[in-house]
Amino acid sequence: MNYNSIIVRFGEMSTKGHNKKDFIFSLARSIRENLKPFEDKYSMVVRHDHIYIDLKESNLDITKELKEIPGMYSFSLCLKVSDNTELDHIKEVVLKEIKGEPGKTFKMATRRIDKSYPYTSDDINREIAGYLLANTDLKVDVHKPDILFSIEVHSDGFFLFTQTIKGMGGYPKGSIGRGLMMISGGIDSPVASFMLMKRGVELSFIHFAAPPYTNSGVIQKLIDLLSVLNEYQTKIRLYIVPFTKLQEEIYKYSEVGYPITIMRRMMYRIAVEVAKEKHIPVICSGESIGQVASQTLESMNVINSVTNMPVIRPLATFDKVDIIKIAKEIGTYDISIRPFEDCCTIFAPVKPKTAPHEDICETIEKKFDYQTLVDECVKNIETKEIKREL
């Protein structure tokens, strides 16, 4: 079907109260950002119920760009008729457009937003359906039609469409706040990042590098992963922590089974310092309950005890199979499985503790000056910025 306009729907954002307008304007900003390459080919009207995009070039294909915007529940590619809204003219337009649609059955679905229009929704449905039955071989099927032909009647015209495209849902970019995501380069953290971005959280990322034990290819792998996530957040900062010296000390003094626990405690200490410095209120992680030794409930409790900053774990209850499915859908899976190991994998103990004791961790940590090493890690962080080319 031909189209010259797009109706954007809000979904969950519609439940907001007095601050609903702030979310809507955030969504409008995201739309403008994603459609920057087309900025001279459309205009946009922002209202309390929908956002309307009028295309200066009919059938302009911006579907991909719109589907990548958090906060957009759905949208429809519409043929807007504003020059003549007489019902006889609308019948002719619908007839012309429906002839190009595949199928043998149809259903009319009209919403009269503008109640001043002289015909009711049922009147419009009956009039147009009768006209189509008289002038085509189509049949009516109100239950499972091949073609659902929708009409919205607004004060500035009729909007005609035959499909509604699902958006990402959630909330607009950054409308909920900021988070610092701990990213290793594996499958889980990019998926967790996607889910947080979808909920309106603007992310920065922190990675713990341990050269020469870890390959430099890990960093390129991270850049490639974040370049995929650029589809949902156009600018991303990556903080690379030089973790080697601290990690060597951890393995020098740790008891059997405890290195991973101590290492994760140090990672959280460093992440908290970075988050505070960057005025980021929460730490985020791709951890999933029970997936590895450091992600048992007992381990999470002992690791988490080093901070009172909130830690958001969007994948906490997900099965690995479901995580992999999402990774493939968003395009991060093939990058995540590249054979470059991170510091957790390189130094993984043979029998890591699944139920570590906090007092033992504290005893181990008293054996060396970890705070000086933590401060050194924070001081020597390398920052990279990954941007999407618009």
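Not measured: the values here are computed from a predicted model. FYI, the numbering just counts along the sequence from 1. Just the heavy atoms: all of them, side chains too, but no hydrogens, waters or symmetry mates, feed the values below.
Formation of a donor-acceptor pair under 3.5 Å by the Lys20 side chain with backbone atoms of His48 is found in this model. Looking at Asp146, its side chain does come within 3.5 Å of a backbone N or O of Lys104 through a donor-acceptor pair. Between the side chain of Asp141 and the backbone N or O of Lys144, at least one donor-acceptor pair lies under 3.5 Å. At distances below 3.5 Å, at least one donor-acceptor pair connects side-chain atoms of Arg112 with backbone N or O atoms of Lys115. A side-chain donor-acceptor contact under 3.5 Å links Ser5 to the backbone of Ile53. Under a 3.5 Å cut-off, the side chain of Ser30 and the backbone N or O of Ile69 do not form any donor-acceptor pair. When atom types are taken as modelled, the side chain of Glu273 and the backbone of Val378 share no donor-acceptor pair closer than 3.5 angstrom. Put simply, the side chain of Lys221 gets close to the backbone of Ser336: a donor and an acceptor are under 3.5 Å apart. Judged by distance alone, with hydrogens and angles left aside, the side-chain atoms of Ser254 form no donor-acceptor pair with the main-chain N or O of Tyr251 at under 3.5 Å. Between the Arg265 side chain and the Glu365 main chain, no donor and acceptor come within less than 3.5 Å of each other.
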Test salt bridge (Lys or Arg N to Asp or Glu O under 4.0 Å) on Lys325 and Glu329 and set out the steps. CA-CA 6 Å; Lys325 181 174 181 288; Glu329 288 173 354; 2.8 Å; yes

Report the C-alpha separation of Gln291 and Ile323 in whole Å, then their side-chain angles, then the decisive distance to 0.1 Å, and conclude whether the side-chain contact (heavy atoms from CB on, under 4.5 Å) test is met. CA-CA 12 Å; Gln291 192 176 122; Ile323 297 171; 4.0 Å; yes

Please report the C-alpha distance between Ile250 and Phe368 in whole Å, then the side-chain angles of each, then the deciding distance to 0.1 Å, and finally whether the side-chain contact (heavy atoms from CB on, under 4.5 Å) criterion is met. CA-CA 9 Å; Ile250 291 168; Phe368 65 104; 4.2 Å; yes

Could you please spell out the steps behind the side-chain contact (heavy atoms from CB on, under 4.5 Å) verdict for Ile262 and Tyr253? CA-CA 10 Å; Ile262 303 298; Tyr253 293 104; over 6 Å; no

Should Lys245 and Leu373 be marked as a side-chain contact (heavy atoms from CB on, under 4.5 Å) after you check the CA-CA gap, both sets of side-chain angles, and the distance that decides it? CA-CA 8 Å; Lys245 191 173 178 181; Leu373 294 169; 3.9 Å; yes

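A salt bridge is defined here as a Lys NZ or Arg NE, NH1 or NH2 lying under 4.0 Å from an Asp or Glu carboxylate O, and Lys320 with Asp188 meets this definition. Ion pairing of Glu231 with Lys64 is present here, as a side-chain N (NZ or NE/NH1/NH2) and a carboxylate O approach within less than 4.0 Å. The pair Lys379-Glu376 does not meet the salt-bridge criterion, since no charged nitrogen lies less than 4.0 angstrom from a carboxylate oxygen.
With contacts defined as side-chain heavy-atom distances shorter than 4.5 Å, the pair Met44/Ile31 qualifies. You'll find the side chain of Val228 stays beyond 4.5 Å of the side chain of Pro190, heavy atoms only. Taking 4.5 Å as the limit, some side-chain heavy atom of Gln295 sits within range of a side-chain heavy atom of Ser288. Within the 4.5 Å cutoff, the side chain of Glu248 has no heavy atoms near those of the Lys252 side chain.
Annotation: Lys67, atom NZ; neighbour count of heavy atoms from other residues, nucleotides and ligands within 6.0 Å does not exceed 12. By the 6.0 Å contact criterion, OH on Tyr73 is open, its count of non-hydrogen atoms from other residues, nucleotides or ligands being 12 or less. For Asp137, the CG atom is loosely surrounded, since the number of other residues' heavy atoms within 6.0 Å does not exceed 12. Heavy atoms of other residues, nucleotides or ligands lying less than 6.0 angstrom from CZ of Arg9 number more than 12. In Lys56, the NZ atom is crowded: over 12 heavy atoms of neighbouring residues, nucleotides or ligands sit closer than 6.0 Å.
Side-chain atoms of Asn4 and Ser58 include no donor-acceptor pair closer than 3.5 Å. The closest side-chain donor-acceptor pair between Arg111 and Ser150, if any, does not fall under 3.5 angstrom. With no hydrogens or angles considered, a side-chain donor-acceptor pair links Arg29 and Ser26 at under 3.5 Å.
Considering Leu180, Ile283, Asn304 in turn, Ile283 is the only one that fulfils the side chain to side chain contact (heavy atoms under 4.5 Å, CB included) rule with Met309. Put simply, the residue from Leu148, Val94, Leu133 that forms a side chain to side chain contact (heavy atoms under 4.5 Å, CB included) with Phe106 is Leu133.
Closest approach of Arg199 to Gly170, counting heavy atoms only: NH1-CA, 3.9 Å. Of all heavy-atom pairs between Ile165 and Thr63, the closest is CD1-CG2, 4.0 Å. Closest approach of Thr307 and Val272 over heavy atoms only: OG1-CG2, 3.3 Å. For the pair Arg47 and Tyr52, the tightest heavy-atom approach, listed with the atom from each and the gap, is CD-CE1, 3.7 Å. What you find for Ala209 and Ile240 is that their closest heavy atoms are CB-CG2, 3.9 Å.
Between the CD1 atom in Ile219 and the CD atom in Glu382 there is a gap of 7.5 Å [rounded to 0.5 Å].
Checked against the 6.0 Å centroid threshold, Phe161 and Tyr3 do not count as a close aromatic pair. Checked against a 6.0 Å centroid threshold, the rings of Phe23 and Phe10 do not count as neighbours.
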Could you pull out every donor-acceptor pair under 3.5 Å between side chains of residues 77-89 and any protein atom, sequence neighbours left out?
{"residue": "Lys80", "atom": "NZ", "partner": "Asp156", "partner atom": "OD2", "Å": "3.3"}
{"residue": "Asn84", "atom": "OD1", "partner": "Glu86", "partner atom": "N", "Å": "3.0"}

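Annotation: cation-pi geometry not satisfied between Lys353 and Tyr258 (NZ/CZ under 6.0 angstrom from ring centroid, within 45° of ring axis).
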